[in-house]
Amino acid sequence: EEAAARLQGLQKLLTESVRFLAPYEVRQGQEAVARLQGALAARREQLQPKKKVAFRTLREEAGPGPPPPAESSAGPDGAEGEPDGAPLCGFSDAEGRELELGPAELRQRDVVLSGLRGCRVQLRGNPNTLRVRGCRGCTVLCGPVSTSALVDGCSDCRLVLACQQLRTHRSRRCGFYVQVTSRAVIEGCAEVSFAPYAWSYPGIEEDFEASGLDRSSNNWNLVDDFDWLVSDRPSPNWNIIPEHERVTCWD
């Protein structure tokens, strides 16, 4: 708990310093914090009692009949930043499904969504970290993430995320509705767009309180593009979603 508190303080220091740090220094700092977060999560898993957890979808868009098993990750995933492949929770390799996790499953867990196609994912709770990798045509609705969210190799997705730090790599045509206390970072991306966080559910205020995120601090429209170093012109790789085009109801 002491290490987690000190790491949160380190993240806050970095967030407050982005105004005067060079982009490459911000990047180095964010990568270092991410490595520490992964190491802390791995150590936490080592010290906690081992138990087998299996999550499944709660409903699916198809008609009646028993739902096929959703492949949810409750074992080693080898996620970035986790040196010993600590167990994670989430979903992988599903198509056209409605997928949900609630507060009990998410509380301070590290969540991975990978290889999803045309799925709608609702994460109602307070994860520690979130990684979304290799997803296509999905909608991801997530409660407040205590630390970082990483989106990598995704396309044609809509993601509603609240977090301290958002990093997006190698993604195309994705819309982000975010509450982020630092500046979002994109790299190797094109046609990505941003708007303010716009999701609510019963208990979300308690989840925000547990996450430690400052609801009054939202830099949703401040984005650093590591592929665009021209200071006097805006990056062509991202834009702000016009108000009349924003989704306001996610039910």
Side-chain angles (χ1 to χ4, degrees), residues 15 90-91 98-103 106 111-114 116-187 189-225 234-235 237-251:
T15 299
F91 299 101
E98 292 270 355
L99 307 170
E100 287 191 26
L101 293 175
L106 292 171
V111 180
V112 174
L113 307 175
S114 65
L116 304 180
R117 301 290 184 271
C119 293
R120 177 183 171 87
V121 184
Q122 297 187 67
L123 305 173
R124 301 173 185 265
N126 168 219
N128 180 50
T129 64
L130 173 68
R131 293 173 177 84
V132 185
R133 302 187 303 210
C135 294
R136 305 285 184 272
C138 294
T139 295
V140 177
L141 306 170
C142 186
V145 179
S146 291
T147 57
S148 63
L150 169 66
V151 179
D152 185 20
C154 295
S155 63
D156 302 298
C157 292
R158 292 187 299 188
L159 304 104
V160 186
L161 309 170
C163 55
Q164 281 192 25
Q165 179 189 39
L166 172 63
R167 296 176 293 148
T168 304
H169 300 163
R170 304 178 304 159
S171 295
R172 301 286 186 274
R173 300 178 303 278
C174 289
F176 293 86
Y177 292 73
V178 297
Q179 165 135 4
V180 58
T181 55
S182 63
R183 298 171 68 101
V185 171
I186 65 173
E187 185 174 20
C189 296
E191 299 180 68
V192 295
S193 52
F194 292 83
Y197 188 77
W199 190 43
S200 184
Y201 56 85
I204 192 172
E205 294 300 332
E206 290 81 358
D207 290 335
F208 263 104
E209 184 175 350
S211 72
L213 296 182
D214 182 359
R215 295 216 70 174
S216 65
S217 176
N218 188 2
N219 297 317
W220 66 270
N221 58 344
L222 301 180
V223 179
D224 290 330
D225 183 356
S235 166
N237 298 318
W238 71 274
N239 65 280
I240 292 176
I241 302 174
E243 286 193 33
H244 67 278
E245 294 180 8
R246 296 174 188 172
V247 179
T248 57
C249 180
W250 298 93
D251 295 333

(message) For F194 and F176, take the angle between the two ring planes, folded into 0 to 90°, and tell me which bin it lands in: parallel under 30, tilted 30 to 60, perpendicular over 60.
(response)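 Judged by the thresholds at 30° and 60°, the geometry between F194 and F176 is parallel.
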(request) Take R172 and E191 through the side chain to side chain contact (heavy atoms under 4.5 Å, CB included) test and state the conclusion after the steps. (result) CA-CA 6 Å; R172 301 286 186 274; E191 299 180 68; 5.7 Å; no
(request) Kindly determine whether R246 and I240 satisfy side chain to side chain contact (heavy atoms under 4.5 Å, CB included), including the steps that lead there. (result) CA-CA 10 Å; R246 296 174 188 172; I240 292 176; 3.7 Å; yes
Can you tell me how far [atom2] of [Y] sits from [atom1] of [X], rounded to the nearest 0.5 angstrom?
X    : Y    : atom1 : atom2 : result
D214 : Q179 : CG    : CD    : 8.0 Å
R183 : N221 : CZ    : CG    : 9.0 Å
E98  : Q122 : CD    : CD    : 6.5 Å
L161 : T168 : CG    : OG1   : 8.0 Å
D224 : N219 : CG    : CG    : 10.0 Å
R131 : L113 : CZ    : CG    : 11.5 Å

(message) Looking at D156 and R136, is any side-chain nitrogen of the basic one under 4.0 Å from a carboxylate oxygen of the acidic one?
(response)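 The answer is no: the pair does not qualify as a salt bridge.
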Closest heavy-atom pair and its distance - [X], [Y]:
X    : Y    : result
C135 : R117 : CA-NH1, 4.0 Å
G153 : S171 : N-OG, 3.6 Å
D207 : G125 : OD2-CA, 3.3 Å
Y197 : C142 : OH-O, 2.8 Å
A198 : V247 : CB-O, 4.1 Å
I186 : C189 : CB-SG, 4.0 Å

Is a donor on one side and an acceptor on the other found under 3.5 Å between the side chain of [X] and the backbone of [Y]?
X    : Y    : result
S193 : N239 : no
Y177 : T248 : no
N126 : P144 : yes
T181 : Q164 : yes

Just wondering, do [Y] and [X] contact through their side chains at under 4.5 Å, heavy atoms?
X    : Y    : answer
V223 : D225 : no
R124 : W199 : yes
T129 : Q165 : no
L150 : H169 : yes
W250 : T139 : yes
V140 : C157 : no

(message) Among residues at least two apart in sequence or on other chains, which ones pass side chain to side chain donor-acceptor pair (under 3.5 Å) with E205?
(response)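 If we apply the side chain to side chain donor-acceptor pair (under 3.5 Å) test to E205, skipping adjacent residues, the hits are R215.
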(message) Which residue is it: V160, L99, L141, L130? I am looking for the one with a side chain to side chain contact (heavy atoms under 4.5 Å, CB included) to L123.
(response)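 Per the side chain to side chain contact (heavy atoms under 4.5 Å, CB included) rule, the option paired with L123 is L130, out of V160, L99, L141, L130.
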(message) If you count heavy atoms of other groups shown closer than 6.0 angstrom to CD of E245, is the number above 12?
(response)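 Counting neighbours around CD of E245, more than 12 heavy atoms of other residues, nucleotides or ligands fall under 6.0 Å, so yes.
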(message) Tell me which one of R167, R170, R133 satisfies side chain to side chain donor-acceptor pair (under 3.5 Å) with D152.
(response)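 For D152, the side chain to side chain donor-acceptor pair (under 3.5 Å) check succeeds only for R170.
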